[in-house]
Amino acid sequence: MKLLGISGTIVGAKTRILVEKVLEEAKKLDPELEVELLDMKQYDVQFCDGRDPSTYTGDTKTMIDIVSSADFYIIGTPIFQGSITGVLKNLFDLVNPEALRHKVMGFVANGGTYQHFLVIENQLKPIAGYFRAYVAPGYVYANTDHFNRQNELVDEDVLQRIRNLAEEVVHMQKALKAGDIHAYS
């Protein structure tokens with residue numbers, strides 16, 4: 001099983017740190033998991049223009065292929081202006097919805113204030129619903145106060161929520177893999 005972590009931003013470090021922490025915890029739970037990090041900073045992705053996703057080339061095609069080939073996901077975004085990043089929204093627009101159908105998603109986000117945690121509930125979960133993906137019930141939101149000056153995640157409550165999220169997505173993925181979910185497609 002391949003767990004893909006997506007750091008859905010081209011700026012900052014905190015989103016990647018959160019995603020990596022969940023991937024690390026998931027790997028501890030199941031050492032046989034294949035984990036990969038897709039850091040959007042490393043790709044020069046074209047804007048979605050509505051064409052068939054298979055016609056894109058270069059980094060855009062590579063990114064689409066990486067996302068489509070994963071079995072389940074940890075998706076992270078910083079919150080800017082009360083919303084997810086344009087980079088992450090563009091990724092969602094580029095990937096064929098069928099590639100995400102019946103796959104487990106867990107979400108992490110970070111922002112400068114405590115108030116923006118609802119972006120996960122109000123924006124990310126509905127997007128997952130559109131894809132007909134399965135969403136882990138828990139999620140992780142961290143703000144600037146949860147990191148020290150070296151950008152290390154130091155808040156024990158957030159670290160526990162990361163462990164909980166890893167457990168949820170691994171458990172859900174194993175349960176779905178054990179059953180024949182595609183029989184209901």
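These numbers come from the heavy atoms of this one structure, side chains and all, not from hydrogens, waters or symmetry mates.
Between R163 and E156, at least one side-chain N (NZ, or NE/NH1/NH2) sits under 4.0 Å from a carboxylate O, which counts as a salt bridge. The pair E24-K27 does not count as a salt bridge, with every side-chain nitrogen at least 4.0 angstrom from each carboxylate oxygen. The pair R51-D49 meets the salt-bridge criterion, with a side-chain N (NZ, NE, NH1 or NH2) lying under 4.0 Å from an Asp/Glu carboxylate O. Remark: D71 does not engage K2 in a salt bridge, criterion side-chain N to carboxylate O under 4.0 Å.
Looking at Q42 and S7, their side chains never come closer than 4.5 Å, going by heavy atoms from C-beta outward. Counting heavy atoms from C-beta outward, E25 and V22 have side chains that stay 4.5 Å or more apart. No side-chain heavy atom of S68 sits under 4.5 Å from any side-chain heavy atom of I66. Residues V67 and L100 have side chains in contact (heavy-atom distance under 4.5 Å, counting atoms from C-beta outward). Contact check for I6 versus V19: no side-chain heavy atoms found under the 4.5 Å cut-off.
Using modelled atom types, no side-chain atom of K103 and backbone atom of Y134 make a donor-acceptor pair closer than 3.5 Å. Side chain of T60 to backbone of Y56: no donor-acceptor contact under 3.5 angstrom is found. S83 places no side-chain N or O within donor-acceptor distance of the main-chain N or O of F80, the cut-off being under 3.5 Å. A donor-acceptor contact shorter than 3.5 Å is absent between the side chain of K89 and the backbone of T85. Side-chain atoms of Y130 do not come within 3.5 Å of backbone N or O of K125 as any donor-acceptor pair. Judged purely by atom type and a 3.5 angstrom limit, D155 uses its side chain to pair as donor or acceptor with the backbone of V158. In terms of modelled atom types and a separation under 3.5 Å, the side chain of Q123 and the main chain of I84 share a donor-acceptor contact. Under a 3.5 Å cut-off, the side chain of D59 and the backbone N or O of D44 do form a donor-acceptor pair.
Considering only residues two or more places apart in sequence or on other chains, F131 meets the ring pair (Phe, Tyr, Trp, His ring centres under 6.0 Å) condition with F92.
Note on L88: it does not cluster hydrophobically with V108, by side-chain heavy-atom contacts below 4.5 Å among ILVMFWY residues. Hydrophobic clustering (ILVMFWY, side-chain heavy atoms < 4.5 Å, transitive): L94 and L4 are in one cluster. With hydrophobic clusters built from ILVMFWY side chains whose heavy atoms lie under 4.5 angstrom apart, I120 shares a cluster with V87. Taking hydrophobic clusters as Ile, Leu, Val, Met, Phe, Trp and Tyr residues chained together by side-chain heavy-atom distances below 4.5 Å, L23 does not share a cluster with L91. Hydrophobic clustering keeps L37 apart from Y43 (ILVMFWY residues linked when any side-chain heavy atoms are closer than 4.5 Å, directly or through intermediates).
Here I74 contributes atom CD1 and E20 contributes atom CD; the two are 13.0 Å apart, rounded to the nearest 0.5 Å. Considering CZ of R16 and OG1 of T9, their distance stands at 12.0 Å, rounded to 0.5 Å. The distance from atom OG of S69 to atom CD of E36, rounded to the nearest 0.5 Å, is 6.5 Å. Atom-to-atom distance recorded for M40:CE and T77:OG1 is 11.0 Å, nearest 0.5 angstrom. Note that CD1 of I79 is 11.5 Å distant from CG of N143, once rounded to the nearest 0.5 Å.
Of the candidates V104, V35, L176, L33, M1 forms a side-chain contact (heavy atoms from CB on, under 4.5 Å) with just one, namely L33. None of L18, L159, N110 except one satisfies the side-chain contact (heavy atoms from CB on, under 4.5 Å) rule with V140; the exception is L18.
Around the CD1 atom of I10, the shell of radius 6.0 Å holds no more than 12 heavy atoms that belong to other residues, nucleotides or ligands.
Side chain to side chain, T113 and Q115 meet the donor-acceptor criterion of an N or O pair below 3.5 Å. Side-chain contact annotation: E168 with N164, donor-acceptor N/O pair under 3.5 Å absent.
G138 approaches L165 most closely through the heavy-atom pair O-CD1, 3.4 Å.
Pairs engaging residues 138-171 under the ring pair (Phe, Tyr, Trp, His ring centres under 6.0 Å) rule: Y114-H146 [sequence neighbours left out].
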